[in-house]
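This report refers to the structure that appears directly beneath it.
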2 protein chains.
Amino acid sequence: MTPHTNDTRNPTQVHAILQGPASSVHATESVEDYLERIHELIESKGYARPIEIAAALNIKQSSVTKMMQRLHDRGYANYEKHRGLTLTAAGVKVALSIRKRHQYVSEFLRMLGIDEKCLQLDTEGIEHHLSPPTMKRLAAFVDYLREHPEVMEDFRNQP
Amino acid sequence: MTPHTNDTRNPTQVHAILQGPASSVHATESVEDYLERIHELIESKGYARPIEIAAALNIKQSSVTKMMQRLHDRGYANYEKHRGLTLTAAGVKVALSIRKRHQYVSEFLRMLGIDEKCLQLDTEGIEHHLSPPTMKRLAAFVDYLREHPEVMEDFRNQP
DNA sequence: ATATAATTTTAGCCGCGGCTAAATTATTGT
DNA sequence: ACAATAATTTAGCCGCGGCTAAAATTATAT
Ligand SMILES: [Mn+2]
Ligand SMILES: [Mn+2]
Ligand SMILES: [Mn+2]
Ligand SMILES: [Mn+2]
C-alpha cells in the first residue's frame, strides 16, 4: 500500500512544471510506456507476463515486477504476486490515450519521410508530450494530409 | 521499446567513462533544459547566476548549484564556486542544438494553431526527442509551410 | 512424486534530479 | 569598517526507475 502518500507533488522533473491545478497526477513517461505494452500484450495474448513485458521494453524482469507493484499502488492495475496483472479502467484509459498519441505521431513522422527505425524511436519519446489540445490539432492535421496527399507529394518533390 | 535508460551503459559504468568525451554520453533532458536557459542568460546579460537560472526553470537555487557541478563534471561548463559559470564548446553545442529544435517545434505547433501557453509547455517536452534525421525533415517541412501559407490556410478553413 | 527448469519476486545497490534547512560567502548601506 | 542583507553552497533527504544476485515460487518432464 502507498504509505500515506504525502504527495508534495515532486516526481522529480523539471520537464513537467505543470502549474499545478492539482487535479490529476499525470502518469510518468515510464508508466505510460508500461501501460502501452501491457495493454498490447493483454489484447494479443490475453495476459501480460513480466518476462514478456521486459522483452518488449528491453529491460530486466526484476524492474518489471517492481513497476507492477507501482502500477497497482497508483491504481492503474490489479496485481497479485504470481497471479498475474490486469489493467484497471484508469490503466486502460492511459493505455488507449498513449496508443492514440503514438499512432498519430508515428504517422506524421512517416509522412515526413523519416526512416522507420528512427521514427519509432523518436515517436516513443515525443508521444508523452502531447497535451490534449495539441493532440487534437495534430490529429486533425494528419487526417487532413492523409486526405490531401498532394501536399506531402509537393513537399517531397521540392528543390 | 524505449527503455528510459536506453544507454545500455549502467549509470555506475557511466562514471567510469566520464574520463572520455562528454559527447559519448547523451545529454539528459534536464541537462538540455539547463544549457538552453544558461546560454540564453549568458547571451542576454553576459552571465548566468543560480538565482536567475532557478527562476527561469522554476526550481530551487540549491538544485541549480547541484546541477552546475554536474555540468562541470560532464564537460558542459566551467564552474568555480562563487565565481560564476561559463559554457564549454560542448555546452554551447548542446545549447544551440536544443534551441534550434525548440524553435522549429514551437513554430510548427504555432502553425497548427495551438494556444501559446500550451504550445510552450509541449515544446519543452517534445524538443528533446527529435533525432537529427527527424529534425532535418521537420525543419524542411516547416520551411515549406512557411513559404506556402495556403496549405495551413486551407487546413484551418476545413469543415 | 519428485527432480529439474523456468519464471517470478525480493533484497539491496546505483545515479538522477528534485526538495528543505542550515551553513557559508559576497554585497550593500550606514 | 561593519552590520545587515542577499546570494550561494552544503548536507541530507526523497521517490523514480534502472540494475545484479539470490531466493522463492510455479511449471515441466521423468
Ligand atoms: Mn514512449
Ligand atoms: Mn509508444
Ligand atoms: Mn525542454
Ligand atoms: Mn526549450
Side-chain angles (χ1 to χ4, degrees), chain A residues 1-18 20 25-35 37-38 41 45 47-74 76 79-85 128, chain B residues 1-18 25-35 37 41 45 47-74 76 79-85 128:
Chain A
M1 255 314 189
T2 315
H4 233 101
T5 176
N6 227 349
D7 206 350
T8 324
R9 182 117 328 115
N10 173 24
T12 303
Q13 50 187 143
V14 182
H15 321 289
I17 303 170
L18 323 166
V25 178
H26 211 265
T28 65
E29 301 185 30
S30 205
V31 163
E32 288 190 323
D33 281 338
Y34 271 91
L35 293 174
R37 300 306 171 199
I38 289 169
L41 285 169
K45 325 188 66 165
Y47 51 85
R49 297 161 67 204
I51 198 173
E52 289 156 317
I53 300 169
L57 290 170
N58 196 24
I59 60 181
K60 300 301 175 184
Q61 287 186 39
S62 60
S63 304
V64 172
T65 300
K66 207 178 196 176
M67 180 57 90
M68 284 165 74
Q69 311 271 9
R70 224 173 266 165
L71 294 177
H72 179 87
D73 290 346
R74 295 180 191 176
Y76 295 119
Y79 166 66
E80 282 178 280
K81 302 181 196 180
H82 297 286
R83 219 155 271 300
L85 169 140
H128 306 288
Chain B
M1 178 162 21
T2 308
H4 320 290
T5 304
N6 200 4
D7 208 328
T8 73
R9 248 185 319 254
N10 189 323
T12 326
Q13 299 168 317
V14 169
H15 194 280
I17 297 167
L18 235 173
V25 180
H26 201 270
T28 65
E29 300 185 30
S30 204
V31 163
E32 287 190 324
D33 281 338
Y34 272 90
L35 293 174
R37 302 301 170 202
L41 285 168
K45 326 187 67 164
Y47 51 85
R49 296 161 66 204
I51 198 173
E52 288 157 316
I53 300 170
L57 290 171
N58 196 26
I59 60 181
K60 301 299 173 184
Q61 287 186 41
S62 59
S63 304
V64 173
T65 301
K66 207 178 194 177
M67 181 56 91
M68 285 165 74
Q69 310 271 12
R70 223 172 265 166
L71 294 177
H72 179 89
D73 291 345
R74 296 180 190 177
Y76 295 119
Y79 165 66
E80 281 178 281
K81 303 182 197 182
H82 296 285
R83 217 153 270 301
L85 169 139
H128 306 287

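Order of the sequence lines sets the chain letters (A, B, ...), proteins ahead of strands, with each chain counted from 1.
- Ranking C:dG12, C:dG17, D:dT9 by closeness to the B:His82 side chain, first place goes to D:dT9.
- In the interface, the side chain of A:Ser62 is paired with the base of D:dT20 through a donor and an acceptor atom under 3.5 Å apart.
- We find that CE of A:Met68 is positioned 17 Å from P of D:dC16, with the value rounded to whole Å.
- Between B:Leu41 atom CG and D:dA7 atom P there is a gap of 15 Å when expressed in whole angstrom units.
- No N or O donor and acceptor, one from the side chain of B:Thr65 and one from the base of D:dT10, sit under 3.5 Å apart.
- Counting to the nearest Å, the C1' atom of D:dG17 and the CD1 atom of A:Ile59 are 8 Å from each other.
- Rounded to whole angstrom, the span from the NE2 atom of B:His72 across to the P atom of D:dT9 amounts to 13 Å.
- Nucleic acid contact for B:Gln69: sugar-phosphate only, since backbone atoms but no base atoms lie under 4.0 Å from a heavy atom of the residue.
- Taking the charged nitrogens against the carboxylate oxygens, A:Glu52 and A:Arg37 have no contact shorter than 4.0 Å, which rules out a salt bridge.
- The side chain of B:Tyr79 places an N or O atom within less than 4.0 Å of a non-bridging phosphate oxygen (OP1 or OP2) of D:dT9.
- What you find for B:Pro50 and B:Val64 is that their closest heavy atoms are CA-CG1, 3.9 Å.
- Scanning both residues, A:Lys60 and A:Ala54, for their nearest heavy atoms gives C-CB, 3.9 Å.
- Atom pair A:Tyr47:OH and D:dA27:C1' shows a separation of 13 Å (rounding to whole Å applied).
- Within 4.0 Å of A:Arg70, counting heavy atoms only, lies at least one base atom of the nucleic acid.
- Listed nucleotides D:dG17, D:dT8, C:dC19 differ in distance to B:Gln61; the shortest reach to its side chain belongs to D:dT8.
- When each of A:Met67 and A:Arg83 is assigned the nucleotide of DNA chain D bearing its nearest heavy atom, the one mapping closer to the 5' terminus is A:Met67.
- Between A:His26 and A:Glu32 the shortest side-chain heavy-atom distance falls below 4.5 Å.
- One can place CD of B:Glu80 at 16 Å from C1' of C:dA26, the figure rounded to the nearest angstrom.
- Nearest to the side chain of B:Lys81, among D:dC19, D:dT10, C:dT7, sits D:dT10.
- Here B:Arg74 reaches the OP1 or OP2 of C:dG17: one of its side-chain N or O atoms lies under 4.0 Å away.
- Between the C1' atom of C:dA6 and the CZ atom of A:Arg49 lies a distance of 9 Å, rounded to the nearest Å.
- When rounded to the nearest whole Å, the span between CD of A:Glu32 and P of D:dC16 equals 16 Å.
- Among all heavy-atom pairs drawn from A:Tyr76 and A:Val25, the shortest one is OH-O, 4.0 Å.
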